[in-house]
There are 2 protein chains.
Amino acid sequence: MTSSRFAVATHILTLLALKGDEPLTSEVIAASVNTNPVVIRRTMAGLREAHLVVSQPGAGGGWRLVGAPEAITLCDVFRAVETDDLLALPPKLPNASCPVGRTICGTLGEVFHEAEMAMAERLARVTIADVLRDAVPQSSSPR
Amino acid sequence: MTSSRFAVATHILTLLALKGDEPLTSEVIAASVNTNPVVIRRTMAGLREAHLVVSQPGAGGGWRLVGAPEAITLCDVFRAVETDDLLALPPKLPNASCPVGRTICGTLGEVFHEAEMAMAERLARVTIADVLRDAVPQSSSPR
DNA sequence: GCCTTTCGTAACCAGTATAGTTACAGACAA
DNA sequence: TTGTCTGTAACTATACTGGTTACGAAAGGC
């Protein structure tokens with residue numbers, strides 16, 4: 001199981017998309033996510049590094065979305081906040097004197113990578129704008 | 001990040017496939033995986049419930065594969081040992097008085113499920129026989 | 001320049017999960 | 001009946017997460 005950082009990050013970005021250009025403080029965001037402002041700032045660190053949001057200290061400051069909600073996919077969000085692999089290899093190396101132990105990590109490493117790519121591709125088909133449309137149906141005109 | 005149970009379970013099943021009908025004890029398996037026999041038995045519990053292996057107590061006992069290695073996919077193995085969802089929703093419910101907080105869990109729940117299904121489909125395309133072929137290339141005749 | 005607001009981050013705590021280990025009861029075969 | 005296995009409970013060390021407090025630094029209003 002992953003941490004909930006990915007879910008929290010998506011929630012935040014959707015909230016920022018809803019508010020448009022108005023900067024939101026960590027405290028306001030924390031009230032919607034129902035957690036602590038520090039937890040929000042911790043999550044935002046990854047999003048800022050990925051250039052998905054910008055932050056502004058001082059009075060009247062807060063967080064703003066960088067790009068268009070249509071241009072941010074959930075895959076981008078996932079990559080920004082979730083650094084570890086989802087599927088884990090064993091903590092200790094297997095016994096190299098066994099033919100299976102010698103090869104299993106390489107084999108599984110490839111398969112795991114492909115499986116994670118398949119998941120990422122599915123996430124890439126959903127954008128923050130899609131998530132926002134679920135929250136505020138009238139927020140977007142049908143194409 | 002998941003536990004390493006999935007990787008360990010795949011290792012074990014490949015080992016059982018390599019040995020054919022000869023039953024392997026937890027101790028022998030533990031030596032190949034490089035861990036403790038109890039860790040092995042713990043992992044096997046899920047595989048036994050899923051009818052992927054059978055166990056036999058007593059002298060000359062141990063573990064044997066139930067079906068053909070070609071018939072066991074990594075998706076089967078994953079489902080047998082990994083019970084939790086991979087992608088997690090936040091521990092505390094969001095604020096229902098916010099339009100995003102009200103809907104985000106439902107929206108993300110669907111997306112997460114679809115993403116996990118995409119991963120499972122990829123895992124279903126690999127069998128224990130495939131993994132074994134990586135370990136012992138001559139173990140299988142080319143089709 | 002000073003004061004308020006806000007981010008940025010370190011530090012710490014509680015809860016939880018995992019892997020590893022010991023211990024022992026129960027099942028089975030020779 | 002004895003030795004060999006599985007099955008499982010219990011305990012430990014370790015690590016990660018989320019929550020919290022605290023405080024420094026940046027920015028803007030007065």
Side-chain angles (χ1 to χ4, degrees), chain A residues 1-9 11-12 16 19 22-49 52-64 66 81-95, chain B residues 1-9 11-12 16 19 22-49 52-64 66 81-95:
Chain A
M1 178 108 102
T2 59
S3 70
S4 66
R5 265 194 298 270
F6 176 37
V8 170
H11 181 154
I12 295 171
L16 293 178
K19 298 303 174 117
E22 176 189 350
L24 295 185
T25 69
S26 304
E27 196 158 355
V28 169
I29 298 173
S32 170
V33 178
N34 192 19
T35 183
N36 194 287
V38 177
V39 173
I40 299 298
R41 290 201 279 265
R42 238 169 0 209
T43 303
M44 301 308 264
L47 299 178
R48 179 164 24 89
E49 275 179 45
L52 297 178
V53 298
V54 285
S55 62
Q56 168 95 11
W63 301 89
R64 281 195 340 265
V66 163
V81 297
E82 214 66 59
T83 58
D84 289 341
D85 286 338
L86 265 94
L87 301 173
L89 293 174
K92 298 166 78 172
L93 284 178
N95 187 339
Chain B
M1 177 108 103
T2 60
S3 70
S4 66
R5 265 195 298 271
F6 176 36
V8 170
H11 182 154
I12 295 171
L16 293 178
K19 297 305 175 116
E22 176 189 350
L24 295 186
T25 69
S26 305
E27 197 158 354
V28 168
I29 298 172
S32 170
V33 178
N34 193 18
T35 183
N36 194 287
V38 176
V39 174
I40 299 298
R41 291 202 278 266
R42 229 156 26 198
T43 303
M44 299 309 264
L47 299 178
R48 179 163 24 89
E49 274 178 47
L52 297 178
V53 298
V54 285
S55 63
Q56 167 94 10
W63 302 88
R64 282 194 339 265
V66 163
V81 298
E82 215 65 61
T83 59
D84 290 341
D85 287 338
L86 263 93
L87 301 173
L89 293 174
K92 298 165 79 170
L93 283 178
N95 188 340

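Labels below follow one simple rule: chain letters A, B, ... track the order of the sequence lines, proteins then strands, and each chain is numbered from 1. Small disclaimer: the values here were computed from a predicted structure and weren't measured.
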*Asks:* Give me the first and last nucleotide of DNA chain D, going 5' to 3', that has any atom under 4.0 Å from a heavy atom of chain A.
*Replies:*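 First-to-last contact on DNA chain D, by the 4.0 Å heavy-atom rule, is D/dT17 to D/dG28.
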*Asks:* Once rounded to the nearest 0.5 Å, what's the spacing between atom CG of A/Leu52 and atom CE of A/Met44?
*Replies:*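 With rounding to 0.5 Å, CG (A/Leu52) is 9.5 Å from CE (A/Met44).
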*Asks:* Does A/Ser26 have a side-chain nitrogen or oxygen under 4.0 Å from the phosphate oxygens OP1 or OP2 of C/dC7?
*Replies:* yes
*Asks:* Map B/Thr2 and A/Leu24 onto DNA chain C by nearest heavy atom, then report which one ends up closer to the 5' terminus.
*Replies:* A/Leu24
*Asks:* Under the side-chain contact (heavy atoms from CB on, under 4.5 Å) rule, collect the residues that match up with B/Ser3, sequence neighbours excluded.
*Replies:* B/Arg5, B/Glu82
*Asks:* Show every side-chain hydrogen bond (donor to acceptor under 3.5 Å, both in side chains) that has at least one partner inside residues 22-40 of chain A, sequence neighbours left out.
*Replies:* A/His11-A/Ser32, A/Ser26-A/Trp63
*Asks:* So which of B/Thr43, B/Val39, B/Val8, B/Ile40 actually passes side-chain contact (heavy atoms from CB on, under 4.5 Å) with B/Ile29?
*Replies:*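 Per the side-chain contact (heavy atoms from CB on, under 4.5 Å) rule, the option paired with B/Ile29 is B/Ile40, out of B/Thr43, B/Val39, B/Val8, B/Ile40.
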*Asks:* When every nucleotide of nucleotides 21-30 of chain C is labelled 5' to 3' by its protein contacts under 4.0 Å (heavy atoms), B for base, S for sugar-phosphate only, - for none, what sequence of letters results?
*Replies:* BBB---BBS-
*Asks:* Considering just the side-chain nitrogens and oxygens of A/Ser55, establish if one lies under 4.0 Å of OP1 or OP2 belonging to C/dG8.
*Replies:* yes
*Asks:* Test of understanding: with side-chain contact (heavy atoms from CB on, under 4.5 Å), list the residues that count as partners of B/Ala88, not counting sequence neighbours.
*Replies:* A/Met1, A/Thr2
*Asks:* Can you check the B/Asp84 CG to C/dT18 C1' distance for me, whole Å?
*Replies:* 12 Å
*Asks:* Only counting residues at least two apart or in another chain, list the ones meeting side-chain contact (heavy atoms from CB on, under 4.5 Å) with A/Val66.
*Replies:* A/Val54
